[in-house]
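Here is the structure we will look at.
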Amino acid sequence: MMTTSTASGKIILFGEHAVVYGRPAIAVPVTQVRATATVTDAPAGSGCTLVAQDLGEAVRLADAGADHPLALVLRLALDAAGIAREPDWRVVLTSDIPIASGLGSGAAISAALVRAALTHAGQPAPPETVSRLVYRSEELFHGTPSGIDNTVIAYERPVWFVKGQPPESFAVGQPFTLAIADSGIPSPTKESVGDVRRAWEADPAGYEAIFSRIADVVHGARRAIRDGNLAAIGALMNVNQQRLEALGVSSAELEKLIEAARGAGALGAKLSGGGRGGNVIALVDEQNAAAVQAALLAAGAKRVILTQVGTAAIR
Ligand code: MEV
C-alpha cells in the first residue's frame with residue numbers, strides 16, 4: 001500500500017513578528033509550491049526509514065536522535081495515530097519550496113509528513129490535528145513560533161491569525177495578485193525571531209509600541225482587502241515595511257528589491273516572513289505584473305512567483 005500527501009507553501013501578507021507578541025497577522029497559502037510525503041509498506045521486520053530525497057539523506061527512525069526534526073514529526077504522528085511499535089514503512093519526502101525563504105518549507109514538509117503518516121495508519125488527518133502536531137515540532141526547532149505557519153499550511157486557506165485562537169477566514173472584495181520574489185539570501189526565521197526577542201527584552205515599551213502600530217496596519221489591511229481597495233492594500237504594505245525596518249529585520253538587499261518593485265509600478269511592497277533575507281512581496285496588477293517581475297529579477301531576485309489571493313486558485 002502507498003499513501004501520498006502534500007502541503008502547500010505560505011506567505012505572510014501583513015503582521016509578521018508582531019504576531020509572535022499577540023498581534024493579528026494575515027497569511028495565505030502559496031499552492032504553486034508544495035512538499036510531498038509518500039509512505040510505502042516495507043517488508044516485515046525492516047523498520048521505518050525516512051528519506052529526505054532532496055537532501056540525499058536517509059535515516060532509520062530507530063537510529064534518529066531526539067533532535068532529528070523529521071523523525072520527531074513522524075514520532076508525533078505515530079503517537080497521535082496510536083501506533084506504539086515502529087511500523088515497517090519507507091517514508092520519502094520531497095519539496096519544491098525553497099528552504100529558509102519565508103515560504104514555510106519546514107512547516108510544509110512536516111504537514112505533508114503528518115498527513116501521509118496519519119492517512120497511511122488509517123486515521124483521519126483534519127487540519128486542527130495537522131496544525132497542532134506541526135506546531136509542536138516548530139516549537140522545538142524554531143524557538144517561539146506564533147503558530148501562523150503551521151495554521152495557514154494545515155488549513156490551506158487565507159487566514160486571519162491571532163496566537164492561541166482558532167484561525168478566522170477573511171473576506172476578499174476583489175482578487176489581487178502578488179509577486180513573490182526570493183532574494184536568494186537564506187533567512188532562518190529562528191534567528192530573526194530571536195534577535196527581535198532580545199531587542200524587545202532590552203526595550204519592551206519601544207517594541208510593544210511598534211507591534212501595536214503594526215497591528216493597526218493589519219486591521220486596516222483586513223478592511224482594505226474586504227473592500228477590494230488595492231491602492232489602500234499597497235499603501236499599507238509600504239507602511240508595514242517601514243515598521244519592519246524599525247524592528248530591525250529588513251536589509252539593504254531586501255530594500256533594493258522593494259524599491260525596484262515600487263519603481264516598476266507595484267502598488268506596494270514589503271518583506272515577508274522572518275526578514276533579513278527570504279522573500280519580498282509586491283502588489284501588482286495586470287498592467288504592471290510583467291514589468292515588476294522583470295525589475296525584481298534585474299535587482300537580484302533569484303526567482304519570482306506570481307500568486308493570486310481571493311480566487312479559487314489559492315484554495
Ligand atoms: C514566520 O513565518 C513569521 C514570524 O512572524 C514568526 C512567527 O510568526 O512564528 C516571523
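Each residue takes its place number in the sequence, starting with 1. Order of appearance sets the numbers: ligands from 1, and atoms from 1 within every ligand. It should be emphasised that the depicted structure is a prediction, and the values quoted were computed from it without experimental measurement.
- With sequence neighbours left out, Glu255 forms a salt bridge (charged side-chain N to carboxylate O under 4.0 Å, His left out) with no residue at all.
- Between Phe176 and the choices Ile225, Asp285, Val284, Thr307, the side-chain contact (heavy atoms from CB on, under 4.5 Å) rule is met once, by Ile225.
- Judged by distance alone, the side chains of Thr94 and Asp54 never bring a donor and an acceptor atom under 3.5 Å apart.
- No side-chain donor from either of Ser192 and Arg276 sits under 3.5 Å from a side-chain acceptor of the other.
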Ligand 1: protein N/O within less than 3.5 Å of ligand N/O:
from     : atom 1 : to     : atom 2 : distance (Å)
ligand 1 : 2 (O)  : Lys10  : NZ     : 3.0
ligand 1 : 2 (O)  : Asp149 : OD1    : 2.9
ligand 1 : 2 (O)  : Asp149 : OD2    : 3.1
ligand 1 : 5 (O)  : His17  : N      : 2.8
ligand 1 : 8 (O)  : Ser146 : OG     : 2.5
ligand 1 : 9 (O)  : Ser146 : N      : 2.8
ligand 1 : 9 (O)  : Ser146 : OG     : 3.4

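- For the side-chain hydrogen bond (donor to acceptor under 3.5 Å, both in side chains) test, no residue two or more places apart in sequence or in another chain qualifies with Thr151.
- Considering only residues two or more places apart in sequence or on other chains, Arg90 meets the salt bridge (charged side-chain N to carboxylate O under 4.0 Å, His left out) condition with none of them.
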